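Lettering of chains follows the sequences in order, A, B, ..., and the numbering in each one begins at 1. Note that the coordinates shown come from a computational prediction; the quantities given were computed from them, not determined experimentally.
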Amino acid sequence: MGAGVAGQRRQISPALRWVTDISWRPGVIIALGLLGLVTVVFIAILGVGSTVGSSDTSGIGQILMITFIQAGLSTVFSLIVGILLAWSLRHRQQFPGRRLLLSVLSTSMVLPTLVVALGLVDVFGRRGWWNALIDLAGPGFDLATVSIYGLGGIVLAHTYMDAPFIARGLLHRLENIPAEHFKLARGLGLTPWQRFRNVEWPALVPAIPGQCLVVFLLSFTSFAIVLMIGGSPRFNTLEVAIYEAIKLEFDLPRAVALALVQLFVCAALVLLTMSLRSGNILQAVRRPAPMWPEPRFTLIMQWLVIALFTLFFVTPLIAVTLNGVGADFVRLAGTATFRLALVSSLWLASVSALLAIALALFMASSQRHFTSRLRSKPSPMNKLYRGLLTFSGTVYLAVPALVLGLGFFLLARSFLDDLTAVAPVALIAANVMMALPFALVILTPAMGKAADKYDRLAFSLDLHGWARWRLIEWPVLRQDLGYLLALTFCLSLGDLGVIALFGGQGFATLPWLLFQHMGSYRTADAAGIALVLLTLCLAVFFIVPRLFEGRTRAET
Amino acid sequence: MLKLEALTFHHSDSQGDQNYSFDLVGRAGEIVGLTGRSGSGKSTCLDLIAGFLTPVAGTVEVDGTNINARPPGQRPVTILFQNNNLFEHLGVRENVALGVNPSLKLTPAENDQVAGALSKVGLGDMLKRSAASLSGGEQQRVALARSLVANKPVLLLDEPFSALDMDTRDEMLALVRSIVTERQLICLMVTHDVRDCDAVADRRYQMIVDSGNRRVEEVLP
């Protein structure tokens, strides 16, 4: 094999070999480039920020407080629901549809926020399904009527999106508890509560601070949900206030002041998140723990949690589907704006996804270079490079899309008359930076494990460049790459961040068009667009990873 | 006396239907070995006795009482696994105390009992250590101390010492021997190492695998 590989390597040009070596250089250059991009954006914002003194900065403290309160409440509720759901699913391992339910819950990460908001309004809005049910029940049930608009609705929507994210992470930890611990608990006669306290809770605790901070950060920078169901300026978060300052009040200095506050808080939270990464104290499961009968009360509680959350999660999606199928798709497809939005969304999401994955591969490769003793000698520079790569990979979390969009907006205004020319670049940059943290979290450990296992053999066989990629990296990473491609495509497809600033007649995406139609009460068309977005996201999320499945996955 | 009578279990896997049948006797103060190659069903036998698996037929009797219907926590049985016998986030004292009272609310007398059990296994000075800081041999000693405070007549050992070095393994086997004799426990030890078994066991059973059927046979001296 070694001779064959050497023969293949000689046919590759030096430039291509330099890249396909997946060596450390491209990743470091990319990391520096991303940091450079953020710095330019920051300078653009600061440039306008110097005039903040002449702007209206009143109420920023109040907005900051509301943003903290809604993010805090969203985190607490998501955590409680997430723990209950993970615990219930851990103990109900076999029921028809469990795998389907887990797949459906995993879509919470990629569902377009605007579609979720629309679905929740369909169910819990003033004229929603819930209130219709209460009306049917009769006048005695008036107290049970709900309105989703306001702080409660924001927290409900964030819980909808984030509780499944927490549940999946915690379920993974619960499933990794050694079977012997459950046997011990059973053998010692521990009650379900004692088992939770002594066996399950200690396994969850190390993951909770990190997960809470991520959810807090997501809620803190939430835009579409707050915009749609905040209901009143009283509940405006920083992101929405930035948007309104730019688009409604035309007060750029105020937008910049808000963006600086947002940047400062997010950077602090990201630094905290990075310091809280938990080590995995659990051992890999050799075989799943057997199931035993639970006490009746515990059993009822577990089924109730699973059933209620499934109903809560699925009903808004059904509402979006049922409302959407009534739309006049023929007329909608005939409109130039819809066609433009559809085509723009698809190519922007495709380019963003491919670019994000390519950048992540190079960065993950650099990261493993500096952590592997086989690849680099220990030196203080290694630590510096690792820090650079880690920070650069999570930088999006510190620079929310709307703030990034504001930076591009200010830059474009300084040099160009036509904002639409810079819009695709701004959108792709924001999408890529949004997807990078997810891609790196998956690819970095996978590539590290592949290196640990195969580096000695590969080096001894002089296997590198394209041959190494084909024979080692691709079989190991292909499933992860399929999942990531779907994930990053869907995240980009559904995002209403930067496009909210740049969208217009000449440049539109599906989320922007949906937002416009909702704002102008063209509800039938909005429902149709929402269904198109939802269908596209779900189809890509379920089909693309299947295309990357090999017959067997290479073991790491 | 521990008595397995026509204890039968079925399960299906990628290799087809597997049928297990166990007939076995263990007496007080006796260590009985159960040997066989990996996957032959040794651990399944212990899981049936401990109540982690439910047999399709047959009985598990301890001192003449059928315990088939009892849940694991109420069986007169303690078990030591090869790994993960301790909760590493708890201390040594708490790990042993779980054998006395799962709520960990112990009376002074019960606290003394925990300390006594740890002394018995040679860890009297490690009461306040965390379980994670112990060596493999020390962890198994703590687990053994917990089985002592649980005060149950049947001790099941699921290859608990196979991951230890030879000297530590010999020490642990000698400790088990002395505890079984002193407390007149019925000990069933599963191992794939016949030499280990012959070194400490009074009698030995062997798992026999005949296509999909597995059963035990006593190995006569």
Side-chain angles (χ1 to χ4, degrees), chain A residues 83 87 90-91 93-94 170 173-210 278-299 551-553, chain B residues 9 11 13 38-39 43-44 46-54 69-91 94-105 130-132 139-140 142-143 146-147 149-152 154-156 158-160:
Chain A
I83 289 176
W87 173 77
R90 166 63 189 81
H91 291 285
Q93 288 182 7
Q94 285 171 334
L170 297 185
R173 291 190 77 88
L174 291 175
E175 285 175 341
N176 272 290
I177 294 174
E180 289 90 343
H181 283 185
F182 283 105
K183 284 185 176 179
L184 271 179
R186 182 101 177 122
L188 292 165
L190 268 56
T191 62
W193 169 244
Q194 287 167 339
R195 181 186 66 201
F196 179 76
R197 205 182 59 188
N198 289 310
V199 180
E200 292 160 340
W201 177 247
L204 299 180
V205 162
I208 285 177
S278 60
N280 189 356
I281 60 159
L282 302 170
Q283 297 175 17
V285 162
R286 284 172 297 149
R287 51 184 177 179
M291 293 281 293
W292 298 291
E294 296 273 49
R296 183 184 294 266
F297 174 76
T298 311
L299 196 66
R551 274 194 307 186
T552 55
R553 181 192 171 100
Chain B
F9 179 71
H11 89 98
D13 59 18
S38 296
S43 295
T44 303
L46 296 196
D47 280 352
L48 286 165
I49 298 170
F52 301 134
L53 295 175
T54 308
R70 293 194 200 173
Q74 288 170 26
R75 294 193 176 204
V77 168
T78 55
I79 184 164
L80 259 68
F81 307 105
Q82 184 177 349
N83 296 307
N84 302 311
N85 278 298
L86 303 186
F87 299 117
E88 294 197 349
H89 50 277
L90 296 180
E94 287 79 9
N95 265 291
V96 178
L98 280 171
V100 182
N101 185 346
S103 73
L104 293 178
K105 290 170 187 156
S130 82
Q139 291 198 354
Q140 300 303 60
V142 174
R146 184 175 56 217
S147 68
V149 297
N151 205 19
K152 294 181 173 181
V154 179
L155 175 62
L156 305 177
D158 192 356
E159 306 207 41

If I compare all heavy atoms of [X] with all of [Y], which pair ends up nearest, and what's the gap?
X: B:Lys152; Y: A:Gly187; answer: NZ-O, 4.0 Å
X: B:Asn84; Y: A:Glu180; answer: ND2-OE1, 3.3 Å
X: B:His89; Y: A:Asn198; answer: NE2-O, 2.6 Å

Per-pair distances, 0.1 Å, donor-acceptor, side chain in residues 94-103 of chain B, under 3.5 Å, sequence neighbours excluded:
unit_1, atom_1, unit_2, atom_2, d
B:Glu94, OE1, B:Gly91, N, 3.2
B:Asn95, OD1, B:Phe87, N, 2.9
B:Asn95, ND2, B:Phe87, O, 3.1
B:Asn95, ND2, B:Gly91, O, 3.1
B:Asn101, OD1, B:Ser103, N, 3.0
B:Asn101, OD1, B:Ser103, OG, 3.0
B:Asn101, ND2, B:Ser103, OG, 3.3
B:Asn101, ND2, B:Lys105, O, 3.2
B:Ser103, OG, B:Lys105, N, 3.3

Per-residue contact mode, B:Leu104 against chain A (heavy atom under 4.5 angstrom):
side chain
Atom group of B:Arg146 that falls short of 4.5 Å from chain A, counting heavy atoms
side chain
Which one, B:Val77, B:Thr78, B:Leu86, B:Ile79, leads in non-hydrogen pairs under 4.5 Å with chain A?
B:Leu86
Are the side chain of A:His181 and the backbone of B:Asn85 linked by a donor-acceptor contact shorter than 3.5 Å?
no
Among A:Val205, A:Val199, A:Thr191, A:Leu184, who wins on heavy-atom pairs under 4.5 Å with chain B?
A:Leu184
Against chain B, label A:Arg195 side chain, backbone, both or neither, depending on which of its atoms sit under 4.5 Å from a heavy atom there.
neither
Euclidean distance, B:Asp158 CG relative to A:Lys183 NZ, rounded to 0.5 Å
7.0 Å
So A:Arg186 and B:Pro71, do their side chains get closer than 4.5 Å, heavy atoms only?
yes
